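The next block holds one structure in the form of structure tokens; read it before the comments.
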Protein chains: 2
Amino acid sequence: MAVAARKLRLYLTLGQRLFRDSLLFHLLLQDDIDLVGESDSGADTLQRLAAAAPGVLVIEENLRDNDGLTIAEHALNLSPTLSILLIAETQVSPGRLAIYLDAGIKAVVSKQQAMQDLLKTLYYIRNGQVYVGSWQRTDSEESGAARAFDGLSGREREVAQLIASRVCIKEIADQLGVSCKTVHSYKDRIFAKLGFERMPELILFMKRYHNGAVP
Amino acid sequence: MAVAARKLRLYLTLGQRLFRDSLLFHLLLQDDIDLVGESDSGADTLQRLAAAAPGVLVIEENLRDNDGLTIAEHALNLSPTLSILLIAETQVSPGRLAIYLDAGIKAVVSKQQAMQDLLKTLYYIRNGQVYVGSWQRTDSEESGAARAFDGLSGREREVAQLIASRVCIKEIADQLGVSCKTVHSYKDRIFAKLGFERMPELILFMKRYHNGAVP
DNA sequence: GAGAGGTGTAGGATCTTCCTACAAGGCGTC
DNA sequence: GACGCCTTGTAGGAAGATCCTACACCTCTC
């Protein structure tokens, strides 16, 4: 293996505490993400940025004291190697995206996008790469997600459905008449096929695209 | 034991997909929460509420098609036993809280409150109880959280700090010269004392109130 | 001074996660 | 049509996490 992937030093600026908490909780489940700071305002961010020395700054577009773009530009002045991910209010148009990229922002994710988009983008830009493309999805992605279900085998679907209904592994094993080990194998394969890492992702996926209830 | 606590049937209405995902992810980690529906608009919510038959509706105050209060009132007309938790934009004043409670809403949590407040409130109202008090905290709560650290014993603090720095259990055990089992015991006690259930909560707590870095 | 409660330490049961294995069948290509 | 590769159903093992229990000390309180 080439590079021993270092931890991602993350700084998050988001005005609303509830969502900041919730996003951070999610992000901190990834054990290669190291939180080095957080703020609810732009001024605060700029003030603490140097000391925190993050690798990636995730910042909201509309902060109460300033707009994220301005803050981002200041931040880039302070530390030019910083990767910035802007969280936009709405889907950004190509024109606006170009402005953002010109300003040195590495990626833009809108509040209408899925959490997984944010995560993927975050990992993508961690090494300084620019990530475009996130704005041009929405529908195709969604149906793609739904279609991913078709890639599961019969047993895998059964297990996915039972798991989404919160039936525990032991019970699933009993119901299907196989060993727990086997059920775990199915679960692992489902996760691998769908690219999930944790239960809530699978549950959410099943609820959304396959109605959760066993048909 | 008296009542076998049934699963909490949750419906979440929140306009922004990113935050909805993120909140749901968090909520679905609790294995007694069953997601029965979600929407990004009020109209959609009302339309699907009857079929979903949730026990608790968590709904945002400012939806793009209507305000949450209006939707909540309609929802209560449809199913009077529904418990509604309103997510307000900002800290609500006692006056506004009274209006909400009059309308039959069981609790209000603002977007400036901590995620844990939402969770606690959710569990509180699940049985139809009204939950007031959430609006009257902020500062005292925060310093209370910080003070909770003082309740930890010496070993517990060491372990908390190491865990927050993402040192793995095995390494912590080596560093302290005790067995992994012992480190797990410390971790369990820390969680019990601080009321946490998962790593990210502890990490966030340490980063926020104790700087994460070992002093 | 006896019991209550906190602290440092650890064991066992059970569950998860991750990795590996392997037989049976399908599909592809030469 | 035979050989090889991929998928599917099945499961085992190792390592780690969670939950519960234990137990020797120490200190505080009645």
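In this text, all values refer to a predicted model and were calculated from it rather than measured experimentally. Residue numbering restarts at 1 for every chain, and letters A, B, ... go by the order of the sequence lines.
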Without decimals, in angstroms, what is the distance between [X] [atom1] and [N] [atom2]?
{"X": "A/Leu176", "N": "D/dT8", "atom1": "CG", "atom2": "P", "value": "16 Å"}
{"X": "B/Asp188", "N": "C/dG12", "atom1": "CG", "atom2": "C1'", "value": "14 Å"}
{"X": "A/Leu29", "N": "C/dT17", "atom1": "CG", "atom2": "P", "value": "12 Å"}
{"X": "B/Phe191", "N": "D/dC20", "atom1": "CZ", "atom2": "P", "value": "14 Å"}
{"X": "A/Lys193", "N": "D/dT7", "atom1": "NZ", "atom2": "C1'", "value": "7 Å"}
{"X": "A/Ile190", "N": "C/dT16", "atom1": "CD1", "atom2": "C1'", "value": "15 Å"}
{"X": "B/Arg157", "N": "C/dT7", "atom1": "CZ", "atom2": "C1'", "value": "13 Å"}
{"X": "B/Asp31", "N": "C/dT14", "atom1": "CG", "atom2": "P", "value": "19 Å"}

Open item on the list: By the 4.0 Å heavy-atom rule, please label B/Ser153 as base, sugar-phosphate, or nothing.
Closed with: sugar-phosphate
In terms of side-chain geometry, is the basic nitrogen of [X] or [Y] positioned less than 4.0 Å from the acidic oxygen of its partner?
{"X": "A/Arg17", "Y": "B/Asp117", "result": "no"}
{"X": "B/Asp150", "Y": "B/Lys193", "result": "no"}
{"X": "B/Glu61", "Y": "B/Lys111", "result": "no"}

TODO: Could you say whether A/Arg155 or B/Cys168 is positioned toward the 5' end of DNA chain D, judged by the nucleotide with the nearest heavy atom to each?
DONE: A/Arg155
Side-chain-base donor-acceptor pair under 3.5 Å for [X] and [N]:
{"X": "A/Arg189", "N": "D/dT10", "value": "yes"}
{"X": "B/Ser179", "N": "C/dA10", "value": "no"}
{"X": "B/Lys181", "N": "C/dG12", "value": "yes"}

Task: Short side-chain N/O contact from B/Thr182 to OP1 or OP2 of C/dA10, under 4.0 Å - done: yes
Open item on the list: Does D/dT10 have its OP1 or OP2 closer than 4.0 Å to a side-chain nitrogen or oxygen of A/Tyr186?
Closed with: yes
TODO: Quick one: pull up OG in B/Ser153 and CD in B/Glu158 and give me the separation to the nearest 0.5 Å.
DONE: 9.0 Å
Task: Approximate separation, where rounding is to 0.5 Å, of A/Asp34 CG and B/Arg166 CZ - done: 6.5 Å
- [ ] Sequence neighbours left out, what pairs pass salt bridge (charged side-chain N to carboxylate O under 4.0 Å, His left out) with at least one residue falling in residues 41-55 of chain A?
- [x] A/Asp44-A/Arg48
Task: Axis bend over the full length of the helix from C/dG1-D/dC30 to C/dC30-D/dG1, computed from five pairs that close each end, to 10 degrees - done: 10°
Open item on the list: Students often mix this up, so state it plainly: with edges at 30° and 60°, are the rings of A/Phe19 and B/Phe19 parallel, tilted or perpendicular?
Closed with: parallel
Task: Residue whose nearest DNA chain C nucleotide is more 5′ - B/Leu152 or B/Cys180 - done: B/Leu152
